[in-house]
J.: 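Can you keep this structure in mind? I'll have questions shortly.
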Amino acid sequence: MRWSKTLIPTMKEIPADAEVPSHQLMLRAGLIRQLMAGSYTYLPLGWKALRKAEAIVREEMEAAGAIEIHMPALQPIDLFVRTGRREAFGNVLFNWKQRRGNGESHFALGPTHEEVVTDLIAKHVSSYRQLPLNLFQIQTKFRNEERPRFGILRTSEFLMKDAYSFHTSLESLNETYQAMYRAYCRIFARCGLEYLPVEAESGPIGGDASHEFMCPANNGEDRIVHCRATGYAANLERADTGRTPPAIATSADAKPLTKLHTPNVGSIEAVCKFLKCKPEKMVKTLIYSADDKPVAVLIRGDHEANEGKIRRALGIKKLEMATPEVILQVTGAPVGFAGPVGIKCEVIADHDVPLIVNAITGANEGDHHIVNVNVGRDYSLTTTHDLRNAIDGDPSPRGEGTLELVHGIEIGHVFKLGTKYAVSLEASFSDEKEQRHPIIMGCYGIGVNRIIAALAETKNDANGLIWPLAVAPYEVVVIPVQEEQPVLEAAESIYSQLRQAGVDVLLDDRPQRAGVKFKDADLIGFPLRVVIGGKGLQEGLIELKWRTDTAPTKVPVAEAVSSVLKQLAERRVQEAATVPA
RNA sequence: CGGGAUGUAGCUCAGCCUGGCUAGAGCGCCUGGUUUGGGACCAGGAAGUCGCAGGUUCAAAUCCUGUCAUCCCGACCA
């Protein structure tokens with residue numbers, strides 16, 4: 001392609017609306033333009049990169065045994081009603097009624113396709129002989145995000161690869177799950193992304209039923225926990241800590257219990273300010289309603305409670321914050337003054353709570369707190385649990401090393417669904433003995449746009465983007481640096497030979513000064529730059545420079561094309577070396 | 001949906017507080033010339049319903065009310 005024949009609107013200045021690096025750089029490099037909040041046009045360069053990522057995804061899915069189909073984005077709302085997801089999605093589901101014939105139809109735009117694909121299978125698969133089956137598509141998804149954000153990191157319309165597998169047994173599901181997991185690792189590695197598979201909140205099956213693939217990035221929306229020593233990685237919601245129950249004993253330094261008047265001072269923050277103390281000296285007493293029974297959960301003042309862990313520790317299903325009436329009933333005080341001393345309900349505590357010597361807690365009396373609260377003397381615990389979110393420096397659950405909290409961009413998710421959709425949409429199979437069973441499912445998603453966004457976010461320097469060869473909008477840019485005949489002819493010749501050799505090459509044929517072309521090439525981040533200039537030509541040399549290198553190498557004009565081909569081949573081998581088997 | 005900020009040329013912004021000339025600058029764009037290896041220079045030029053609507057006023061980019069849009073924080077996110 002010739003630069004003068006395509007549309008590459010680069011920008012010198014940073015658009016005021018763009019805050020995160022990927023958004024700024026993709027706009028400046030002329031990859032995308034915004035239409036409205038959460039909707040972006042992919043310009044030629046952005047579209048090329050996206051399509052290359054899409055092609056890699058497709059290749060690996062097919063290699064892993066998935067079969068491509070294409071389902072409609074336009075769907076009947078009825079399917080979502082049947083699975084209960086009309087409620088679950090709420091306003092996120094784009095849906096509207098429209099006249100059709102004499103009646104009115106209620107449509108939805110697909111936010112994902114579990115319903116459509118399960119309906120398809122329900123109608124066309126009835127025997128165990130037809131399973132397992134793994135279907136995928138690469139298609140635009142629509143979600144009415146309450147708040148689109150960060151350029152193309154969170155949009156209301158995005159390209160998703162979604163795969164759905166169907167099985168007669170958990171063993172078969174696990175086999176496909178593993179195959180998808182491996183395919184995902186290969187996809188992200190081939191795209192040149194740093195990625196971390198993390199344990200995510202489990203689905204209905206439990207255990208290791210769900211993994212998210214995260215790209216560590218400062219501006220990622222997700223928080224993940226990672227242990228470098230053991231490789232343990234998990235979503236913050238899910239992450240265990242390696243802490244163990246401490247000895248529960250009253251400290252020798254325990255001071256006398258004292259009640260203080262703290263008028264209208266309810267929150268941890270307010271109490272700390274009022275009593276001039278640190279949050280880690282406080283015990284947060286959260287009153288929950290656990291399967292409709294009140295429970296007090298004790299957490300250190302500076303920690304965050306983790307409701308999933310609380311639910312598991314109590315062995316219950318339904319957990320919600322107690323109402324003010326229930327709180328008044330068990331504590332005798334309004335919200336904000338609960339404490340473990342003399343409380344009238346079951347109490348469970350996080351491991352760190354009994355370690356606080358002379359703690360500060362609510363007094364179970366309006367407008368009062370008590371200080372110098374100590375376990376054993378003032379309240380009792382028989383054991384403790386892991387009930388809070390992990391923090392930096394916690395021990396790893398795998399026994400060695402410490403946890404580190406990092407931000408990540410979610411680029412993929414693999415999930416064991418079980419029979420949830422099969423049951424509600426009546427997808428079942430007959431086994432060898434003519435017994436009917438619901439089909440067991442798995443689902444596997446990749447945000448294709450997010451591959452590009454995550455690359456832009458993490459692979460850049462002060463001059464611009466740095467693309468890996470595999471998804472770069474063009475692999476090579478050829479730059480004639482003067483408007484002189486011999487220079488232009490040499491550039492044209494190298495360009496057409498590279499094209500014939502199958503290289504994805506762009507010729508910067510704009511009548512611009514060298515500086516402008518160099519700045520643009522760096523900003524866009526073409527992996528390899530070929531520069532043809534008057535001085536060099538007189539010596540019979542042209543320049544090759546990788547975006548990742550600081551200095552160019554010079555090669556004879558006659559060897560220009562073969563050198564480029566050789567170096568590209570070498571780079572491809574290098575990039576391939578990072579891809580797991 | 002709660003809180004905050006911003007809307008003036010394709011981009012970045014000034015002007016607004018304290019109303020008053022034909023609404024400005026830099027970049028980009030067009031024409032001509034000089035230049036030509038890291039975002040050149042000179043001369044000339046095109047480009048704006050000052051987000052939109054209403055109000056106050058002799059007079060509104062500027063003041064008031066409403067509204068729309070965008071961005072950020074939070075809530076939400078199968």
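Naming: A, B, ... by sequence-line order, numbering from 1 per chain.
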J.: Verify, without hydrogens or angle tests, whether A:Thr155 (side chain) and A:Gly151 (backbone) share a donor-acceptor contact under 3.5 angstrom.
T.: no
J.: Taking the C1' atom of each, how far is B:rG7 from B:rG45, in whole Å?
T.: 29 Å
J.: With A:Tyr40 as reference, evaluate A:Arg33, A:Glu157, A:His23 under the side chain to side chain donor-acceptor pair (under 3.5 Å) test and give the passing residue.
T.: A:His23
J.: Rounding to a whole Å, what distance do you find between A:Glu87:CD and B:rC76:C1'?
T.: 16 Å
J.: Are A:Glu221 and A:Arg149 within salt-bridge range, i.e. N to O under 4.0 Å?
T.: yes
J.: Of the candidate nucleotides B:rG39, B:rG38, B:rA75, which contains the atom at the shortest distance from the side chain of A:Glu146?
T.: B:rA75
J.: Each nucleotide N or O in nucleotides 23-27 of chain B that has a protein N or O under 3.5 Å away: list the pair and distance.
T.:
{"from": "B:rG26", "atom 1": "N2", "to": "A:Glu13", "atom 2": "OE1", "distance (Å)": "3.0"}
{"from": "B:rC27", "atom 1": "O3'", "to": "A:Lys12", "atom 2": "NZ", "distance (Å)": "3.4"}

J.: Answer yes or no: are there more than 12 heavy-atom neighbours, outside A:Gln567 itself, under 6.0 Å from its atom CD?
T.: yes
J.: Who are the ring pair (Phe, Tyr, Trp, His ring centres under 6.0 Å) partners of A:Phe213, not counting sequence neighbours?
T.: A:Tyr181, A:Tyr184, A:Phe188
J.: Which atoms of nucleotides 32-35 of chain B (N or O only) lie under 3.5 Å from a protein N or O atom, and what are those distances?
T.:
{"from": "B:rU35", "atom 1": "O2", "to": "A:Arg513", "atom 2": "NH1", "distance (Å)": "2.9"}

J.: Side chains of A:Leu43 and A:Leu31: closer than 4.5 Å at any heavy-atom pair?
T.: no
J.: Does this structure show an ion pair linking A:Glu54 with A:Arg58, if we count only N-O contacts that are shorter than 4.0 Å?
T.: yes
J.: Take atom P in B:rG55 and the same atom in B:rC16, then report the distance between them in whole Å.
T.: 26 Å
J.: Taking only the C1' atom of each, what is the distance from B:rA53 to B:rC58 in whole angstrom?
T.: 23 Å
J.: Please set out all donor-acceptor pairs under 3.5 angstrom arising from side-chain atoms of residues 7-15 of chain A, sequence neighbours excluded.
T.:
{"from": "A:Thr10", "atom 1": "OG1", "to": "A:Asp520", "atom 2": "OD1", "distance (Å)": "3.0"}
{"from": "A:Thr10", "atom 1": "OG1", "to": "A:Asp520", "atom 2": "OD2", "distance (Å)": "3.3"}

J.: Report the distance from atom CD of A:Gln538 to atom P of B:rG37, rounded to the nearest whole Å.
T.: 13 Å
J.: Are there runs of at least three consecutive Watson-Crick or G-U pairs touching RNA chain B, with each pair's two distances under 3.5 angstrom? Give them by first number.
T.: B:1-7 with B:68-74, B:10-13 with B:24-27, B:29-34 with B:40-45, B:51-55 with B:63-67
J.: Roughly, in whole Å, what's the span from CG in A:Asn219 to P in B:rC73?
T.: 9 Å
J.: Please tell me which of the listed nucleotides, B:rG37, B:rG38, B:rC76, lies nearest to the side chain of A:Val481?
T.: B:rG37
J.: By the side-chain hydrogen bond (donor to acceptor under 3.5 Å, both in side chains) test, which pairs, at least two apart or in different chains, include something from residues 439-458 of chain A?
T.: A:Ser22-A:Glu457, A:Tyr42-A:Asn449, A:Ser165-A:Tyr444, A:Asn219-A:Glu457
J.: In terms of side-chain heavy atoms of A:Ala37, which of B:rU12, B:rG39, B:rC71 is nearest?
T.: B:rC71
J.: P atom, B:rU18 versus B:rU65: distance in rounded Å?
T.: 14 Å
J.: Residues from residues 19-27 of chain A sitting under 4.0 Å of RNA chain B, heavy atoms only?
T.: A:Glu19
J.: Counting only distance, no hydrogens or angles, is the base of B:rG37 paired donor-acceptor with the side chain of A:Gln482 under 3.5 Å?
T.: yes
J.: Any side-chain N or O of A:Gln34 under 4.0 Å from OP1/OP2 of B:rC71?
T.: yes
J.: How far does the P atom of B:rC50 sit from the matching atom of B:rG20, given to the nearest Å?
T.: 16 Å
J.: Could you state the CZ-C1' distance from A:Arg510 to B:rU36, rounded to the nearest angstrom?
T.: 15 Å
J.: I need the single residue from A:Arg223, A:Lys309, A:Arg388 that forms a salt bridge (Lys or Arg N to Asp or Glu O under 4.0 Å) with A:Glu304. Which is it?
T.: A:Arg223
J.: Please produce a list of atom pairs where a protein N or O lies less than 3.5 Å from an N or O of nucleotides 45-49 of chain B.
T.:
none

J.: Is any side-chain N of the basic residue among A:Glu539 and A:Lys554 closer than 4.0 Å to the acidic one's carboxylate O?
T.: no
J.: Do you know which of A:Val477, A:Asn463, A:Ile524 makes side-chain contact (heavy atoms from CB on, under 4.5 Å) with A:Arg547?
T.: A:Asn463
J.: If a pair satisfies ring-ring contact (aromatic ring centres under 6.0 Å, His included) and one of its residues is in residues 516-551 of chain A, list it, with sequence neighbours excluded.
T.: none
J.: Measuring from the side chain of A:Ala16 (C-beta onward, heavy atoms only), which nucleotide among B:rG39, B:rG38, B:rC13 has the closest atom?
T.: B:rC13
J.: Please give, in whole Å, the distance from B:rU70 C1' to A:Asp17 CG?
T.: 5 Å
J.: Indicate the ring-plane relationship of A:Phe94 and A:Phe142, choosing parallel, tilted or perpendicular according to the 30° and 60° boundaries.
T.: perpendicular
J.: Excluding sequence neighbours, so at least two apart, what forms salt bridge (charged side-chain N to carboxylate O under 4.0 Å, His left out) with A:Asp549?
T.: none
J.: Who pairs with A:His303 by ring pair (Phe, Tyr, Trp, His ring centres under 6.0 Å), at least two apart in sequence or on another chain?
T.: none
J.: How would you label the contact of A:Phe150 with the nucleic acid (heavy atoms, under 4.0 Å): base, sugar-phosphate, or nothing?
T.: sugar-phosphate
J.: Could you tell me how far B:rC72 sits from B:rC30 if I compare only their P atoms? Round to whole Å.
T.: 33 Å
J.: If I take atom CE in residue A:Met11 and atom P in nucleotide B:rC29, what distance separates them, rounded to the nearest angstrom?
T.: 14 Å
J.: Using atom NZ of A:Lys517 as one end and atom C1' of B:rU36 as the other, report the distance to the nearest whole Å.
T.: 11 Å
J.: Residues in side chain to side chain contact (heavy atoms under 4.5 Å, CB included) with A:Lys141, at least two apart?
T.: A:His113, A:Gln137, A:Gln139, A:Phe158, A:Met160, A:Asp162
J.: For A:Glu304 and B:rG74, give me the distance from atom CD to atom C1', rounded to whole Å.
T.: 14 Å
J.: Just compare B:rU12, B:rA40, B:rG37 and give me whichever is closest to any side-chain atom of A:Val516.
T.: B:rA40
J.: What's the closest nucleotide to the side chain of A:Asp520 if the choices are B:rA75, B:rC13, B:rG39?
T.: B:rG39
J.: Looking at the side chain of A:Arg147, which of B:rG74, B:rG37, B:rC76 is the nearest nucleotide?
T.: B:rG74
J.: Please check: side-chain N/O of A:Lys416 versus main-chain N/O of A:Tyr177, any donor-acceptor pairing under 3.5 Å?
T.: no
